Asker: 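Mind looking over this structure? Questions follow.
The chain is numbered in sequence order, starting from 1. None of the values given here were measured: they were computed from a predicted structure.
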Amino acid sequence: MNFIIKFRETKRETIRSIFRAALALTMLYCANLPNFAQTCMEKTAVQTAEEAAGDIDKKRISSHFCAVILTSADDAARIAAANDREGRLMKKLVETEAKLAKRSITGFLPQFDFAVSDSATVQKEKGDYKSKAIEAGVTQKIFNGGKSLLEYKMQIEKSLYDCLENESAQKERQKQVTAAYHRALLLKLRGDALKDAAQNAATVFEAACLEAEQGMISSAQFLKSQVQFMKMQADANAAQSAFLDSSRALSDLMGLDSREKIFFEEGMESGQEFKSRARNLNERLTELTQAALENSVALKKARAEASWSKKRKSLMLRAFLPSVSLRAGVSLNGRNWPLSEPAYSFKVILGFDNNPWLPMSLSKSAGLEKGSLASMSDAINGKGVIDLAWPSQFKLSSLGVEKALLDAEKTQREIESQVFGLVQSLLAAEENARLKFETSRLKEKYLELYKIQLEQGEIKMTDWLEELAECAKEKINWLEAKIQAEELAKSLEDLCALKL
């Protein structure tokens, strides 16, 4: 009899040792999970340091703590813009080129020329002949068919187009930062939901180990519970790893140091009351569309290109118009210094220099000496080669204008369609998020009732773990729907340059 009792005690101790070893291995497997309490303490320390700093930016604290707190996607975009040295350099470059284009007014100013000569001619059987001269003149173009003004405006529009290109590139970088922010936030919230579920499962699993030791549940049920528990821990670990990767990618886009840690302050817990941002958007569709058209960089670029193409075509047509210039000059000639007898000259130049078929110029000159008319002369000068390709070039220019106008119209229609699509998608996304929110809340209430049934022994622990995983899944679905709605709202706000 004593032998049988000792054998049973030995068997019970062996079973307890096996369960204790299984529990130890399971907890050791989960030991690589981040310490949630320690993270909260670090976060609280960061917030306390930020409040104590006072004059330090709310979104960035002392580099001693190496942390950045983000409350929205706008914070991430602002920090990325502040750290974007290449973007600032490009902005300064295009702004400097724009200022240079505005100051390029040499085509409207007079041209000055000045010359001094001193020569000596040696002649056989004659005395040497010396001559000295000083000449100065000014030429002013008084008419050229508006070509100078048109070229000036084309330079201005070219610089404007470059500025718009740079602005478009900056907005594209902001979109990348915003997308990375929402992805990191989603993975962070997903990881938190799975981690909470894993922590709850750990408490229940520990109780299950005690029940297994006492023989209250079978080994099969215990092993099934252990598999479910370890799967939840593995999902939590994978979510945490994915969050760290996305957080590092966001940090790189924001231009942060690798030592700086990112904290997210945007609250989207499943118990939070759902609030819609897309009310009455259909009634505001006209307003939003007009705001998007006025703010669109793509449309401004298309219109600038169309305007530049029109000016280029007009410039080609004005090549047939003559240019009229006036020139006045004074010269001093003599054999010895100082020269004291000035002579004046005046010239009218009628130029067809840019004419593709007959490049030539006509001029009429008059000279004055000692207050009286000394000379009159006419001249015709031809130069260059007849441009036989001009008709084809003009045809290409005309087609370019038509294409640029069509591109501008197409861009406008695309923006209108984009606004309409974003509004409808946002309304659908918020309705989906509201339904997911209600489902998640009901699932949590159902889980609380299910836990009471578990404590009363009415259900199996494996069933409760399955419901716990389902509840975490519904919470993640709600968070995904909410962040999708936030992304659509942010896209609509950026497109229309206003807050919803």
Asker: Between the side chain of Ser104 and the main-chain N/O of Leu100, is any donor-acceptor distance below 3.5 Å?
Answerer: yes
Asker: Please determine whether a side-chain nitrogen of the Lys or Arg among Asp74 and Lys499 lies less than 4.0 Å from a carboxylate oxygen of the Asp or Glu.
Answerer: yes
Asker: Is any side-chain heavy atom of Ser325 closer than 4.5 Å to one of Phe143?
Answerer: no
Asker: Check the angle between the aromatic planes of Tyr152 and Phe108 and answer parallel, tilted or perpendicular using the 30° and 60° thresholds.
Answerer: perpendicular
Asker: Could you give the distance from NZ (Lys364) to CZ (Phe346), rounded to the nearest 0.5 Å?
Answerer: 15.0 Å
Asker: Does Lys171 NZ have over 12 foreign heavy atoms under 6.0 Å away?
Answerer: yes
Asker: Are Lys102 and Ile156 packed together at the side-chain level, in the sense that at least one heavy-atom pair is separated by less than 4.5 angstrom?
Answerer: yes
Asker: If you take the centroid of each ring, where Trp contributes its six-membered ring, are Tyr181 and Phe264 closer together than 6.0 Å?
Answerer: yes
Asker: Roughly how far, to the nearest 0.5 Å, is CD1 of Ile483 from NZ of Lys188?
Answerer: 10.0 Å
Asker: Looking at side-chain heavy atoms only, is the closest gap between Leu194 and Ile476 below 4.5 Å?
Answerer: yes
Asker: Could you tell me whether the side chains of Ser119 and Ser131 share a donor-acceptor contact shorter than 3.5 Å?
Answerer: yes
Asker: More than 12 heavy atoms of other residues, nucleotides or ligands under 6.0 Å from CD of Gln111: is that the case?
Answerer: no
Asker: Is there a donor-acceptor contact under 3.5 Å from the side chain of Ser241 to the main chain of Asn237?
Answerer: no
Asker: Atom OG1 of Thr178 and atom CG of Leu253: how far apart are they, to the nearest 0.5 Å?
Answerer: 10.0 Å
Asker: Could you give me the CA-CA distance, side-chain angles and deciding distance for Arg441 and Phe437, then say whether side chain to side chain contact (heavy atoms under 4.5 Å, CB included) is met?
Answerer: CA-CA 6 Å; Arg441 187 170 62 174; Phe437 167 75; 4.2 Å; yes
Asker: Go through the steps to decide whether Arg88 and Asp84 satisfy the test salt bridge (charged side-chain N to carboxylate O under 4.0 Å, His left out), and finish with yes or no.
Answerer: CA-CA 6 Å; Arg88 291 198 300 272; Asp84 187 10; over 6 Å; no
Asker: Please determine if Glu487 and Lys490 form a salt bridge, counting it only when a charged side-chain N lies under 4.0 Å from a carboxylate O.
Answerer: no
Asker: Are Arg190 and Leu479 close enough, and set up right, to give a side chain to side chain contact (heavy atoms under 4.5 Å, CB included), and what steps lead you there?
Answerer: CA-CA 8 Å; Arg190 184 174 184 272; Leu479 294 172; 5.9 Å; no
Asker: Glu157 and side chain to side chain contact (heavy atoms under 4.5 Å, CB included): which single residue from Glu305, Arg303, Lys311 fits?
Answerer: Lys311
Asker: Once you round to the nearest 0.5 Å, how far does OG of Ser363 lie from CG of Asn381?
Answerer: 6.0 Å
Asker: Taking Ser247 for the side chain and Phe243 for the main chain, is one N or O donor matched with an acceptor at less than 3.5 Å?
Answerer: no
Asker: Side-chain contact, heavy-atom cut-off 4.5 Å: Lys347 with Leu326?
Answerer: no
Asker: Salt bridge between Arg78 and Asp75, side-chain N to carboxylate O under 4.0 Å?
Answerer: yes
Asker: Side chains of Leu281 and Leu288: closer than 4.5 Å at any heavy-atom pair?
Answerer: yes
Asker: Do you know which two heavy atoms are closest between Ser246 and Ala184, and how far apart they sit?
Answerer: OG-CA, 3.4 Å
Asker: Using the side chain to side chain donor-acceptor pair (under 3.5 Å) rule, take Gln290 and Glu294 through it: C-alpha gap first, then chi angles, then the decisive distance, then the call.
Answerer: CA-CA 6 Å; Gln290 185 63 30; Glu294 293 176 357; 3.2 Å; yes
Asker: Ignoring hydrogens and angles, tell me if any N or O in the side chain of Ser440 forms a donor-acceptor pair with the backbone of Lys436 under 3.5 Å.
Answerer: no
Asker: Determine whether more than 12 heavy atoms belonging to other residues, nucleotides or ligands lie under 6.0 Å from atom NZ of Lys147.
Answerer: yes
Asker: Between CG of Leu299 and CD1 of Ile415, what distance do you get to the nearest 0.5 Å?
Answerer: 4.5 Å
Asker: Under 3.5 Å, is there a donor-acceptor pair linking the side chains of Gln155 and Glu151?
Answerer: no
Asker: Are more than 12 heavy atoms, taken from residues, nucleotides or ligands other than Glu86, located less than 6.0 Å from that residue's CD atom?
Answerer: no
Asker: Would you say the side-chain atoms of Ser398 pair up with the backbone N or O of Phe394, donor to acceptor, closer than 3.5 Å?
Answerer: yes
Asker: How about Val116 and Glu135: do any of their side-chain heavy atoms sit closer than 4.5 Å?
Answerer: no
Asker: Indicate whether any N or O donor in one side chain lies under 3.5 Å from an N or O acceptor in the other, for Gln424 and Asn282.
Answerer: yes
Asker: The test is side chain to side chain contact (heavy atoms under 4.5 Å, CB included); show your working for Ile262 and Leu250 and say whether it passes.
Answerer: CA-CA 9 Å; Ile262 296 178; Leu250 175 61; 4.1 Å; yes
Asker: Tell me the closest heavy-atom pair linking Pro391 and Trp357, and the distance in Å.
Answerer: CG-CZ2, 4.2 Å
Asker: Kindly indicate whether the side chain of Leu498, heavy atoms from C-beta on, has any atom under 4.5 Å from the side chain of Glu493.
Answerer: no
Asker: If you compare all heavy atoms of Pro322 against all heavy atoms of Leu350, which two are closest, and at what distance to 0.1 Å?
Answerer: CB-CD1, 3.7 Å
Asker: Quick one: pull up CD in Glu165 and CE in Met90 and give me the separation to the nearest 0.5 Å.
Answerer: 10.0 Å
Asker: Checking side chain to side chain contact (heavy atoms under 4.5 Å, CB included) for the pair Glu260/Met254: CA distance, chi angles, key distance, verdict?
Answerer: CA-CA 11 Å; Glu260 293 180 291; Met254 292 171 60; over 6 Å; no
Asker: Any idea which heavy atoms bring Ala80 and Val177 closest together, and the distance?
Answerer: CB-CG2, 3.7 Å
Asker: Side-chain contact, heavy-atom cut-off 4.5 Å: Ser314 with Leu150?
Answerer: yes
Asker: I'd like to know if the side chain of Ser417 and the backbone of Arg413 have a donor-acceptor N/O pair within less than 3.5 Å.
Answerer: yes
Asker: So does Asp162 pair up with Lys301, basic N to acidic O under 4.0 Å?
Answerer: no
Asker: Which pair of heavy atoms, one from Gly145 and one from Leu321, lies closest together, and at what distance?
Answerer: CA-CD1, 3.8 Å
Asker: So which heavy atom on Ala76 is nearest to which on Leu70, and how close?
Answerer: N-CD2, 4.0 Å
Asker: May I ask you to decide whether Lys99 forms a salt bridge with Glu95, counting only side-chain N to carboxylate O separations under 4.0 Å?
Answerer: no
Asker: Is the distance between the ring centroids of Phe320 and Trp390 less than 6.0 Å?
Answerer: yes
